[in-house]
Amino acid sequence: MLHRDGMMLVIDKPAGLAVHAGPGKGGHLMELLGALRFGLPRPPELAHRLDRDTSGCLVLGRHRKALARLGELFAGGRVEKVYWAVTVGRPPAQSGTIDKPLLKLERRHGWRVVVDPRGQPSVTDYRVLGGTDRLSWIEARPRTGRTHQIRVHLAAIGCPIIGDSTYGRGTADLVAPNLHLHARAVSVPIHSGKPPITATAPVPPHMRDLLAACGWGGE
């Protein structure tokens, strides 16, 4: 648990745990939320989503009023989200903005997200925090909340995220088997007139070695 108050929880979701039931038979986070009632009659619910293989900060609303408030904040772009990624390749600049519309394509054997002018407006700010001659440690701050946004945006500038078998197949997925994308921090202005609630999730074990190689000095 990274944060708890009367309105919301912030938990540290492990990589590999889906938030919803999918086509497979594996477990998912929704099955576990009953243990997080902390005295309330109903379990908390998701205020947003993370991909199954993304770790880190996940916000839950504890009741309907809280969920409505969180929905407004997320939809209005007022929740600040910070992600850390380790990628193959280096961006064209030390910092910048990726402004590329994204479109979800349904295919016979599943779906994927692509950069397409017909897609939804999608914007990600990034900066390089460290790296090696081959890898980059990148901080990404999405301004919009599209599915797979950071994964597709970084791949589109030649920096696929390590372990990404969908958008980095044949390059990034050969470096390590697990996706190196972590929801490092979240800042939520849920209480009017008070400073935002900020939570930070520790780096997961599977990302520590490559982050250290890129210059991360530990928690």
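If you're wondering where the values come from, they're calculated on a predicted model, not measured in any experiment. Positions are given from 1, in the same order as the sequence printed here.
- Of the possible donor and acceptor atoms, none in the side chain of His48 sits under 3.5 Å from a partner among the backbone N and O of Leu46.
- Looking at heavy atoms from C-beta onward, Pro43 lies out of side-chain contact with Leu36 at the 4.5 angstrom threshold.
- A side chain to side chain donor-acceptor pair (under 3.5 Å) check over residues 198-215, counting only residues at least two apart or in different chains, returns the pairs Ser187-Thr198.
- Here the straight-line distance linking atom CH2 of Trp216 with atom CH2 of Trp137 works out to 8.0 Å at 0.5 Å rounding.
- The distance from the CG atom of Leu29 to the CZ atom of Arg49 is 12.0 Å, given to the nearest 0.5 Å.
- Applying the salt bridge (Lys or Arg N to Asp or Glu O under 4.0 Å) test to Arg134 and every residue at least two apart in sequence or in another chain returns nothing.
- For the pair Trp84/Glu139, a side-chain contact is recorded, criterion being any heavy-atom separation below 4.5 Å from C-beta on.
- Listed by first and then second residue, the salt bridge (charged side-chain N to carboxylate O under 4.0 Å, His left out) pairs that reach into residues 32-44 are Arg42-Glu45, sequence neighbours excluded.
- Applying the salt bridge (charged side-chain N to carboxylate O under 4.0 Å, His left out) test to pairs two or more places apart or on separate chains, those with a residue in residues 58-83 are Glu80-Arg141.
- Take Arg151 and apply the salt bridge (Lys or Arg N to Asp or Glu O under 4.0 Å) test, not counting sequence neighbours, and it matches Asp51, Asp164.
- Pairs of residues two or more places apart, or lying in two chains, that qualify as side chain to side chain donor-acceptor pair (under 3.5 Å) and include a residue from residues 113-123 are Asp116-Arg118.
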After noting the C-alpha distance and the side-chain angles of Phe38 and Met1, does the key distance pass the side-chain contact (heavy atoms from CB on, under 4.5 Å) rule?
CA-CA 12 Å; Phe38 297 111; Met1 186 71 59; 3.6 Å; yes
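- In this structure, Ile98 CD1 and Ile150 CD1 are separated by 9.0 Å, a value rounded to the nearest 0.5 Å.
- Asp5 meets the salt bridge (Lys or Arg N to Asp or Glu O under 4.0 Å) test with no other residue; sequence neighbours excluded.
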Intermediate values then yes/no, side-chain contact (heavy atoms from CB on, under 4.5 Å), Val152 and Arg112:
CA-CA 9 Å; Val152 179; Arg112 63 182 286 144; over 6 Å; no
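- For the residue pair Ile162 and Ala176, the shortest heavy atom distance occurs at CG2-CB, 3.7 Å.
- In this structure, Thr171 and Pro160 approach most closely via the heavy-atom pair OG1-CG, 3.9 Å.
- For the atom pair CG of Asn178 and CG of Asp173, the computed distance is 11.5 Å after rounding to the nearest 0.5 Å.
- Residues satisfying the ring pair (Phe, Tyr, Trp, His ring centres under 6.0 Å) test with His148, not counting sequence neighbours, are Trp111, Tyr167.
- By the salt bridge (Lys or Arg N to Asp or Glu O under 4.0 Å) test, Arg4 is found to be paired with no residue, residues two or more places apart in sequence or in another chain being considered.
- Cluster note: Met8 groups with Leu2, Met7, Val10, Val59, Leu70, Leu73, Phe74, Val79, Val186, Val188, Ile190, Ile197 through ILVMFWY side-chain heavy atoms spaced under 4.5 Å, whether in direct contact or through intervening members.
- Here the shortest heavy-atom pairing between Thr144 and Pro121 reads CG2-O, 3.8 Å.
- With hydrophobic clusters built from ILVMFWY side chains whose heavy atoms lie under 4.5 angstrom apart, Leu17 shares a cluster with Ile11.
- One distance of note links OG of Ser95 with CG of Leu129; it measures 10.5 Å at 0.5 Å rounding.
- There is no path of hydrophobic side-chain contacts, each under 4.5 Å, that joins Val128 to Leu135.
- Among residue pairs with one or both ends in residues 179-200, those qualifying as salt bridge (charged side-chain N to carboxylate O under 4.0 Å, His left out) are Arg184-Glu219; sequence neighbours excluded.
- Shortest non-hydrogen contact noted between Pro204 and Ser55 is CG-OG, 3.4 Å.
- A donor-acceptor pair is defined here as one N or O able to donate and one able to accept, closer than 3.5 Å; such a pair exists between the side chain of Lys13 and the backbone of Arg52.
- By the 4.5 Å heavy-atom criterion applied to side chains, His182 and Met207 are counted as neighbours.
- Both Leu179 and Leu154 belong to a common hydrophobic cluster when Ile, Leu, Val, Met, Phe, Trp and Tyr are linked at side-chain heavy-atom distances under 4.5 angstrom.
- Nearest approach of Cys57 to Ala185, heavy atoms of both residues: SG-CA, 3.8 Å.
- Arg90 meets the side-chain hydrogen bond (donor to acceptor under 3.5 Å, both in side chains) test with Gln94; sequence neighbours excluded.
- A heavy-atom distance below 4.5 Å is not found between the side chains of Thr87 and Tyr126.
- In this structure, the side chains of Asp53 and Leu181 stay at 4.5 Å or more apart for every pair of heavy atoms.
- Separation of atoms CD1 (Ile138) and SG (Cys159) is listed at 5.0 Å; rounding is to 0.5 Å.
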Please evaluate residues Val19 and Leu58 with respect to the criterion side-chain contact (heavy atoms from CB on, under 4.5 Å), reporting the C-alpha separation (whole Å), side-chain torsions for both, the decisive distance (0.1 Å), and the verdict.
CA-CA 10 Å; Val19 295; Leu58 183 66; 4.0 Å; yes
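- The two residues Ala183 and Thr54 come nearest to each other via the heavy atoms N-CG2, 4.2 Å.
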Could you please spell out the steps behind the side-chain contact (heavy atoms from CB on, under 4.5 Å) verdict for Val113 and Leu103?
CA-CA 6 Å; Val113 176; Leu103 180 68; over 6 Å; no
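- The closest donor-acceptor contact from the side chain of Gln149 to the backbone of Val123 lies under 3.5 Å.
- The hydrophobic clustering, which links ILVMFWY residues whose side-chain heavy atoms are closer than 4.5 Å, places Leu67 and Leu60 apart.
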